[in-house]
Amino acid sequence: MTTDAGTDVFEEHRPVLIGVAYRMLGRVADAEDVVQEAWLRWSRADRSEVREPRAYLVRVTTRLAIDRLRQVKARGETYVGPWLPEPYVTDFGDRVPDTAERAVLADSVSLAILIVLESLSPLERPVFVLREAFGHPYAEIAAMLDRGEAAVRQLAGRARRHVDERRPRYEVDPVQRRDLTERFLAAAAGGDLDQLMSLLAPDVRLIGDSGGKAKAPLRVLESADHVGRFLAGVAQKGLADATFHFLEVNGGPALLIRTAGAPDSVFQVDVLDGRIQAVYVIRNPDKLKVLADV
């Protein structure tokens with residue numbers, strides 16, 4: 001395989017590799033670093049011995065991501081306030097035309113699921129991602145991780161039970177989510193507390209991620225009353241020179257707020273039975289850098 005051909009093969013599979021690494025790490029920059037290292041290893045490898053490039057590249061990326069995941073957990077970094085994944089712009093386009101497959105991929109990269117995956121072990125997480133999001137056979141995952149197939153099945157079962165017990169219920173209909181997001185924005189911008197309350201589920205939760213570098217609640221807000229009053233208060237203060245843009249983030253519609261042309265916040269909601277069940281607010285400027293050119 002020539003250098004140009006090798007580059008073409010790698011670029012063909014790059015979106016999958018980024019998808020695998022991001023789901024494992026929850027950090028766009030880390031995922032891109034891992035995929036770049038995978039490229040370096042691919043460029044140095046004897047590719048004449050590689051019969052299935054995609055499987056080979058996913059294996060290399062998975063192992064690199066596991067190493068990165070262990071480093072992150074070993075550092076034991078203290079994070080100020082609630083943690084959310086970096087926003088990940090998703091545009092499946094014509095690559096994923098099937099509605100069912102698109103729904104599975106969107107769910108696997110949702111903020112709600114990634115928060116749950118953060119609590120899995122460095123081995124449970126890749127097994128869950130490779131099996132549930134990408135449909136790899138157990139035998140293939142076992143080969144990637146240098147584990148026995150029986151052990152991988154146990155890891156997968158444990159991870160699935162953990163996720164099922166903690167995964168919140170929500171609807172993935174993008175039209176309904178965007179409609180409620182627009183109504184939510186209008187009510188919040190107008191400081192209409194009654195309208196806000198009508199859109200929020202009684203047990204709604206607001207999770208704000210600032211990393212201590214921007215203004216956001218340092219704990220999760222719970223109940224329609226607390227969330228509604230907080231948002232109404234924020235709206236009254238206003239944002240100078242703010243513009244609003246809809247885009248698809250983590251498999252669903254989200255609102256990007258810019259101030260003075262720079263990303264200020266990302267809002268996204270989870271919906272169930274026509275009410276907003278969760279509000280995610282990402283304000284950590286380090287996590288918004290990936291949206292600077294969107």
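Residue indices begin at 1 and follow the sequence shown.
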Output the distance between atom CG (Leu69) and atom CZ (Arg125), rounded to the nearest 0.5 Å.
6.0 Å
Working to the nearest 0.5 Å, report the span between OG1 of Thr181 and CZ of Phe267.
10.5 Å
Decide side chain to side chain contact (heavy atoms under 4.5 Å, CB included) for Glu132 and Ser108; before the verdict, give the C-alpha distance in whole Å, the side-chain angles of both, and the deciding distance to 0.1 Å.
CA-CA 8 Å; Glu132 301 297 326; Ser108 73; over 6 Å; no
Criterion side chain to side chain contact (heavy atoms under 4.5 Å, CB included) on Ile115 and Tyr280, from CA distance to verdict:
CA-CA 11 Å; Ile115 291 170; Tyr280 305 102; 3.9 Å; yes
Please enumerate all residues that pass salt bridge (Lys or Arg N to Asp or Glu O under 4.0 Å) together with Lys215, with sequence neighbours excluded.
none
Cluster link Leu180 to Met197, ILVMFWY, side chain under 4.5 Å:
no
Do Asp270 and Arg177 pass the salt bridge (charged side-chain N to carboxylate O under 4.0 Å, His left out) test, and can you show the C-alpha distance, the side-chain angles, and the key distance before you say yes or no?
CA-CA 7 Å; Asp270 280 341; Arg177 288 178 74 185; 3.5 Å; yes
Is a donor from one side chain sitting under 3.5 angstrom from an acceptor on the other, for Arg258 and Thr243?
no
For Asp273, give me all partners under salt bridge (Lys or Arg N to Asp or Glu O under 4.0 Å), at least two apart in sequence or on another chain.
none
Would you tell me whether His162 and Arg158 have side-chain atoms, one donor and one acceptor, within less than 3.5 Å of each other?
no
Find out if a path of hydrophobic residues (ILVMFWY) with successive side-chain heavy-atom gaps under 4.5 Å connects Leu130 to Val163.
yes
Side-chain heavy atoms under 4.5 angstrom apart, residues restricted to Ile, Leu, Val, Met, Phe, Trp, Tyr: same cluster for Leu206 and Val80?
no
Is the backbone N or O of Val58 less than 3.5 Å from a side-chain atom of Thr61, with the two atoms forming a donor-acceptor pair by type?
no
Is it true that Leu272 and Val116 fall in one hydrophobic cluster, defined by side-chain heavy atoms closer than 4.5 Å?
no
Rounded distance [0.5 Å steps], CZ in Phe128 versus CZ in Arg23
11.0 Å
Is it the case that over 12 heavy atoms from other parts of the model lie below 6.0 angstrom from the CZ atom of Arg275?
yes
Let me check something: do Phe244 and Phe246 share a hydrophobic cluster, defined by ILVMFWY side-chain heavy atoms less than 4.5 Å apart, either directly or through other members?
yes
May I have the step-by-step check of side chain to side chain contact (heavy atoms under 4.5 Å, CB included) for Arg70 and Ile66, ending in yes or no?
CA-CA 6 Å; Arg70 284 174 170 154; Ile66 289 172; 3.7 Å; yes
Between Phe10 and Ser43, is there a side-chain heavy-atom distance shorter than 4.5 Å?
no
Would a 4.5 Å heavy-atom cut-off, applied to side chains only, mark Leu221 and Arg219 as touching?
yes
Could you give the distance from CD (Glu118) to CG (Leu25), rounded to the nearest 0.5 Å?
9.0 Å
Going by heavy atoms in the side chains, are Ile207 and Val279 under 4.5 Å from each other?
no
Can you confirm whether the side chains of Asp209 and Tyr79 place a donor and an acceptor under 3.5 Å from each other?
yes
Ile18 vs Tyr88, test: side chain to side chain contact (heavy atoms under 4.5 Å, CB included). Steps then yes/no.
CA-CA 10 Å; Ile18 288 287; Tyr88 177 49; 3.5 Å; yes
Do the numbers put Arg131 on top of the ring of Tyr138, so that NZ or CZ is under 6.0 Å from the six-membered ring centre and no more than 45° off the axis?
yes
Test salt bridge (charged side-chain N to carboxylate O under 4.0 Å, His left out) on Arg205 and Glu222; report intermediate values, then the result.
CA-CA 5 Å; Arg205 303 170 78 237; Glu222 300 185 1; 3.7 Å; yes
pair Pro87-Lys287: side-chain heavy atoms closer than 4.5 Å:
yes
Is there a salt bridge (charged side-chain N to carboxylate O under 4.0 Å, His left out) between Glu165 and Arg161 once you walk through the steps?
CA-CA 6 Å; Glu165 288 170 359; Arg161 288 192 298 273; 5.8 Å; no
Would you tell me whether Asp46 and Ser48 have side-chain atoms, one donor and one acceptor, within less than 3.5 Å of each other?
yes
